[in-house]
Amino acid sequence: MAGSCYGNIMNVETTGASLGVARAEGLNYGGVQASETIAAKDLKHMEKYKTIIKHVSERTGIDGAVIAGIVSRESHAGTILDNGWGDHGNGFGLMQVDKRYHKIEGTWDSEAHITQGANILRDMIDGVAKKFPQWTKEQQLKGGISAYNAGLRNIQTYDRMDIGTTGNDYANDVATRAQFFKKQGY
C-alpha cells in the first residue's frame, strides 16, 4: 500500500477544521464534518489530477490521499490560484510550494510540481520521525503534514503541533480531508 512506510492516514487521530477555517469556507460549523464538506466540494476539480497524484504516490511512497488532502487545503484543486500562484505571490501550484524556501519545479499543475510537494512532505515526515522517534508512524505522518505548512521547528509536542500553522488546524484539517479522499480511491 502506497504510503504505508509513513503510517496509515486512516488511523491518524484528527479533529478536523477549526471553526475559523470553516467560516472562511462559508460554513457555520467546524470539525471533521467541515473538513469533509470542504473536501467534497473540491472532489470534482480534484478528479483531473487523480492519475498524476496516484503516479506520484507510487514513486514517492507518499499516500495519494494525503497529497490530495494538501492540494484541497492549499489550492482547492487549483480553483483559487491566479496563474498558478497563491499566498500573495509566494505559493506556487496545487500544493503551494513557497518560492522563498524552494526552487520551483514544473508548471503549477504538473507531475513535476506534485512530485516536488510530495518530496517536501516526505522530508518533513522524516524530520519529525528523527525529532520524535518515540511517536507512532501515524503521529509522525500528522506531524509531517503540520511541518509542511509551518516547518519542523514549529513541531514541539504532539498535542500542540498545529499551534502556529495556518488557522491553527492545518494537520487536523488536511488529515481529515485525506481520509475523505482515501475513501474516494486516492
Should Leu94 and Glu74 count as side-chain neighbours, where that means a heavy-atom distance under 4.5 Å?
no
Taking NZ, NE, NH1 and NH2 as the nitrogens, is one of them in Lys41 or Glu36 under 4.0 Å from a carboxylate oxygen of the other?
no
Taking C-beta and beyond as the side chain, do Lys50 and Tyr186 meet within less than 4.5 Å on heavy atoms?
yes
Salt-bridge test for Arg73 and Asp169: reply yes if a basic N is under 4.0 Å from a carboxylate O, no otherwise.
yes
Please collect all ring-ring contact (aromatic ring centres under 6.0 Å, His included) contacts where either partner lies in residues 123-148, sequence neighbours excluded, each pair once.
Phe132-Trp135, Trp135-Tyr158
Is any side-chain heavy atom of Lys142 closer than 4.5 Å to a side-chain heavy atom of Met161?
yes
Can we say Arg177 and Asp173 salt-bridge, meaning some charged N sits less than 4.0 Å from an Asp/Glu carboxylate O?
yes
Thr166 and Val21, any side-chain heavy atoms less than 4.5 Å apart
no
Between Asp123 and Lys130, is there a salt bridge with N-O shorter than 4.0 Å?
no
Can you tell me how far the CH2 atom of Trp85 sits from the CG atom of Leu81, to the nearest 0.5 Å?
10.5 Å
Decide side chain to side chain donor-acceptor pair (under 3.5 Å) for Asn172 and Asp162; before the verdict, give the C-alpha distance in whole Å, the side-chain angles of both, and the deciding distance to 0.1 Å.
CA-CA 8 Å; Asn172 280 290; Asp162 265 348; 2.9 Å; yes
Looking at Gly64, is its backbone amide N or carbonyl O close enough to the side chain of Lys54 to form a donor-acceptor pair, meaning the two atoms are under 3.5 Å apart?
no
Interatomic distance, NZ@Lys131 vs CE@Met124, rounded to 0.5 Å, equals 10.5 Å
Do Glu111 and Thr115 have side chains that get closer than 4.5 Å, going by heavy atoms?
yes
Quick one: do the Thr165 and Ser146 side chains pair a donor with an acceptor below 3.5 Å?
no
